[in-house]
Amino acid sequence: MQKNSFIDAFKFAFNGLALVFKERNFKRHLVSSALVIITATYVNVTAMEWCILSLCMGLVLGFETLNTAIEKTVDRIGTEQHELSGQIKDISAAAVLLVSIVSAVVGVLIFWPYFFN
């Protein structure tokens with residue numbers, strides 16, 4: 001069995017991105033990220049703030065991508081309703097929620113002084 005080349009690895013990753021871009025929640029997170037980028041550009045945040053905001057956006061999008069992969073894996077394993085399958089999906093969704101909440105708090109902490117001081 002031949003190992004995939006470095007270029008093939010990128011092809012697979014971009015294929016995965018194309019697939020996740022079709023997901024409703026991923027699109028919502030992209031819109032939120034775009035709003036953060038527009039706002040950060042408008043208020044001219046510092047380089048450090050850009051780093052923090054970028055990290056938060058990347059984490060939310062990355063967690064949403066992993067959540068989608070987990071949901072698809074659970075669906076592939078079995079189509080019948082099972083309590084554990086539901087719990088797995090709920091837990092992976094909770095991970096996205098937690099990262100999103102923390103990112104929103106970070107956003108408020110960064111943007112608050114620009115708008116209310």
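When hydrophobic clusters are built by joining Ile, Leu, Val, Met, Phe, Trp and Tyr residues whose side-chain heavy atoms come closer than 4.5 Å, directly or via intermediates, Val60 is not grouped with Val108. Under a hydrophobic-cluster definition in which Ile, Leu, Val, Met, Phe, Trp and Tyr are linked whenever side-chain heavy atoms come within less than 4.5 Å, directly or via other members, Ile70 and Leu84 are assigned to the same cluster. One hydrophobic cluster, built from ILVMFWY side chains closer than 4.5 Å, cannot hold both Tyr42 and Leu109; they sit in different ones. Note: the hydrophobic cluster containing Met48 also contains Val36 (ILVMFWY, side chain heavy atoms under 4.5 Å, direct or indirect links). Leu55 and Leu61 are assigned to two separate hydrophobic clusters, defined by single-linkage of ILVMFWY side chains at heavy-atom distances under 4.5 Å.
The hydrophobic cluster containing Leu35 also includes Val31, under a criterion of side-chain heavy atoms closer than 4.5 Å among ILVMFWY residues, counted directly or through chains of members.
In this structure, OG in Ser92 is found 9.0 Å from CD in Glu64, a value given to the nearest 0.5 Å. Distance check, rounded to the nearest 0.5 Å: NZ of Lys72 to OG1 of Thr68 gives 7.0 Å. Rounding to the nearest 0.5 Å gives a distance of 10.5 Å between CZ of Phe63 and CG of Asn67. For the atom pair Leu59 CG and His29 NE2, the distance stands at 12.0 Å (nearest 0.5 Å). Rounding to the nearest 0.5 Å places CG of Leu53 at 5.0 Å from CZ of Phe111. Distance check: Ile37 CD1 to Ser54 OG gives 7.0 Å after rounding to the nearest 0.5 Å.
Between Phe6 and Phe10, the two ring planes are perpendicular [angle over 60°; tilted spans 30° to 60°].
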Run the numbers on Lys89 and Asp75 for side chain to side chain contact (heavy atoms under 4.5 Å, CB included), then give the verdict. CA-CA 10 Å; Lys89 288 182 172 187; Asp75 290 344; 2.5 Å; yes
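When all heavy atoms of Thr65 and Phe26 are compared, the closest pair comes out as OG1-CE1, 3.4 Å.
Side-chain atoms of Ser32 come within 3.5 Å of backbone atoms of Arg28 as a donor-acceptor pair (strictly under, hydrogens ignored).
Crowding of Phe14 atom CZ: a count of heavy atoms from other residues, nucleotides or ligands under 6.0 Å not exceeding 12.
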